[in-house]
S.K.: 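Sharing a structure below in structure tokens format, with a few things to ask.
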2 protein chains.
Amino acid sequence: MTTQDRLIESTQDLLWERGYVGTSPKAIQQRSGVGQGSMYHHFTGKPDLAAAALRRSAEQMRGIAEADLAAPGTAYDRIAAYLRRDRDVLRGCRMGRMAQDPDVVADPQLRAPVEETFDWLRGRIADLVAEGQAAGEFAPGLDPADTAAAVVAVVQGGYVLARAAGDAGPFERATRGALGLLAAHRSA
Amino acid sequence: MTTQDRLIESTQDLLWERGYVGTSPKAIQQRSGVGQGSMYHHFTGKPDLAAAALRRSAEQMRGIAEADLAAPGTAYDRIAAYLRRDRDVLRGCRMGRMAQDPDVVADPQLRAPVEETFDWLRGRIADLVAEGQAAGEFAPGLDPADTAAAVVAVVQGGYVLARAAGDAGPFERATRGALGLLAAHRSA
DNA sequence: GTCTATAGCCTGATAGAC
DNA sequence: GTCTATCAGGCTATAGAC
């Protein structure tokens, strides 16, 4: 692994654990085992490094979600697979975590990967809902974009509730609740 | 307003805007107009002040939610009122914001108000769902606790999506989507 | 490319005068 | 109760040698 890669991976981990404000260049150097001079040789500073880390995390998150959403099965099955996927719930979402940080939201370079990830995810699920409607699987009254936003929000909010409780339970309940609500719309 | 109150209110605001890690005693002093010696006379330090601020925010959030949930109307109407309430979406939730901060989650004194608020909220809405089922308003197949967790998660996740997008739109879509899913379970 | 040195500012307090 | 002084340490770099 290259020095850049080690820096980016350490930054990804620290951003996930501690957020942008809570992550210092010094901590990145220590975790990656890369020296100060070396770090500033490869990246111009903390925002630059964070942007690279966020772009990589965005790519990874998209790949993981796509694996569920493009799997064989009905539209409902694939949305259910996304909602039921086994997660390290108390760690939360790499991307969702960033949306809470004012310094990330204020910097277009940092916010862009976060925004694009969720735009893509909502669009992907909205298409799935529409596909399910065309197949007669979901009631035609359902708005695909609204329903998709609700599904993604349940996952993101589930993380919040779980971390607040110090327990994965609320996440499981929220996703189960969402599936229960969605199931009633099936014709099958 | 007393000096304590000014300190607590400033801390509430700063925790909301910047999170726990991003909020310094110095910033609290500047916003409140209270001097350093005075601050340390009334509170032992940052965690003590933050705990007081979070307890007050928890109380306020509960009061605001209860206003919607205890209003006249059917169970569906009251849950809809909660979901549709006019919010400063891009500011996010005072309590949900805290669940992302590792220092808050790690400190029982700080996490307690957050946990209790969401426990109460989920329980309150679960009771409402059960009440609606008893009245024949909701399908009996719905699990009250799961459904309540999903409703609360949609709101919390809606904030995340909205901040990620830099726009309130995704929040509105998510809550509308949740209402659309819930509406299908009504007998009325 | 990587290293050490240095810098100015911030953090989160403590101490003691008033 | 409130004030100013002080402090050890961290933050986020920049500079220049190797």
Side-chain angles (χ1 to χ4, degrees), chain A residues 1-56 97-98 100-111, chain B residues 1-56 97-98 100-111:
Chain A
M1 194 164 31
T2 70
T3 300
Q4 281 98 324
D5 280 337
R6 272 188 292 136
L7 283 165
I8 289 177
E9 283 196 9
S10 298
T11 305
Q12 283 183 287
D13 288 352
L14 283 164
L15 287 178
W16 195 358
E17 283 169 32
R18 311 256 339 138
Y20 183 78
V21 184
T23 296
S24 69
K26 188 178 190 176
I28 295 169
Q29 292 151 29
Q30 283 167 347
R31 181 167 307 209
S32 62
V34 170
Q36 188 145 350
S38 193
M39 193 198 101
Y40 281 104
H41 172 76
H42 291 292
F43 296 93
T44 66
K46 175 174 162 175
D48 186 33
L49 194 36
L54 289 183
R55 281 194 296 271
R56 185 169 297 186
R97 172 81 178 76
M98 295 299 111
Q100 301 291 348
D101 205 306
D103 291 4
V104 169
V105 167
D107 182 342
Q109 283 268 355
L110 296 177
R111 187 167 64 79
Chain B
M1 194 165 31
T2 69
T3 300
Q4 281 99 323
D5 279 337
R6 275 189 290 136
L7 283 166
I8 289 177
E9 283 197 8
S10 298
T11 305
Q12 284 182 286
D13 287 351
L14 283 164
L15 287 178
W16 196 358
E17 284 170 32
R18 311 258 336 138
Y20 183 78
V21 183
T23 296
S24 68
K26 188 178 190 176
I28 295 168
Q29 291 151 30
Q30 282 168 347
R31 180 165 308 208
S32 62
V34 170
Q36 188 143 352
S38 193
M39 192 197 101
Y40 281 105
H41 173 75
H42 291 292
F43 297 92
T44 66
K46 175 174 162 174
D48 185 33
L49 194 36
L54 289 183
R55 281 193 296 271
R56 185 169 297 185
R97 173 81 178 76
M98 295 298 111
Q100 301 291 350
D101 205 307
D103 291 4
V104 169
V105 166
D107 182 341
Q109 283 266 357
L110 296 176
R111 188 166 63 79

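Proteins come first, then strands; the chains are lettered A, B, ... in the order of their sequence lines, and each starts at number 1. Everything numeric here is computed off the predicted structure, so don't read it as measured data.
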S.K.: Could you pull out all residues at least two apart from A/Arg111 that satisfy side chain to side chain contact (heavy atoms under 4.5 Å, CB included)?
M.R.: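 Scan of A/Arg111 (side chain to side chain contact (heavy atoms under 4.5 Å, CB included), adjacent residues dropped) gives A/Val105, A/Glu115.
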
S.K.: Between A/Gly37 and A/Gly22, name the one whose nearest nucleotide on DNA chain D is closer to the 5' end.
M.R.: A/Gly22

S.K.: Between C/dA13, D/dT14, D/dG1, which nucleotide gets closest to the side-chain atoms of A/Tyr40?
M.R.: D/dT14

S.K.: For residues 34-55 of chain B, pull every pair meeting salt bridge (charged side-chain N to carboxylate O under 4.0 Å, His left out), keeping only residues two or more places apart or in separate chains.
M.R.: none

S.K.: Check A/Arg56 with A/Asp5, please: is the shortest side-chain N to carboxylate O separation under 4.0 Å?
M.R.: yes

S.K.: Near DNA chain D, under 4.0 Å by heavy atom, which residues of residues 23-35 of chain B?
M.R.: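 The answer is B/Gly35.
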
S.K.: Nearest whole angstrom, please: distance from the P of D/dT14 to the CD of A/Gln36.
M.R.: 11 Å

S.K.: Send over the distance from A/Asp48 CG to D/dA13 P, rounded to a whole Å.
M.R.: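 Distance, rounded to whole Å: 10 Å.
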
S.K.: Is the distance from OP1 or OP2 of C/dG1 to the nearest side-chain N or O of A/Thr3 less than 4.0 Å?
M.R.: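 For C/dG1, OP1/OP2 do not have a side-chain N/O of A/Thr3 under 4.0 Å.
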
S.K.: Quick one, B/Gln29 and B/Val34 - any side-chain contact, counting heavy atoms below 4.5 Å?
M.R.: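 They are not in side-chain contact.
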
S.K.: Okay, side chain of A/Thr23, backbone of A/Leu14: is any donor-acceptor separation there less than 3.5 Å?
M.R.: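 Between the backbone of A/Leu14 and the side chain of A/Thr23 there is a qualifying donor-acceptor contact (under 3.5 Å).
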
S.K.: On the nucleotide C/dT2, are OP1 or OP2 found under 4.0 Å from the side-chain N or O atoms that A/His42 carries?
M.R.: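 The answer is yes; a side-chain N or O of A/His42 sits under 4.0 Å from OP1 or OP2.
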
S.K.: Could you tell me how far apart B/His41 (NE2) and C/dC18 (C1') are, to the nearest whole angstrom?
M.R.: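 Taking NE2 of B/His41 and C1' of C/dC18, I get 14 Å after rounding.
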
S.K.: Expressed as a whole number of angstroms, how long is the span from B/Arg18:CZ to C/dC10:C1'?
M.R.: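 About 13 Å, once rounded to whole Å.
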
S.K.: Would you mind reading off the distance between A/Lys46 atom NZ and C/dC10 atom C1', rounded to a whole angstrom?
M.R.: 13 Å

S.K.: Within a strict 4.5 Å, meaning less than it, do heavy atoms of the B/Tyr20 and B/Pro102 side chains meet?
M.R.: no

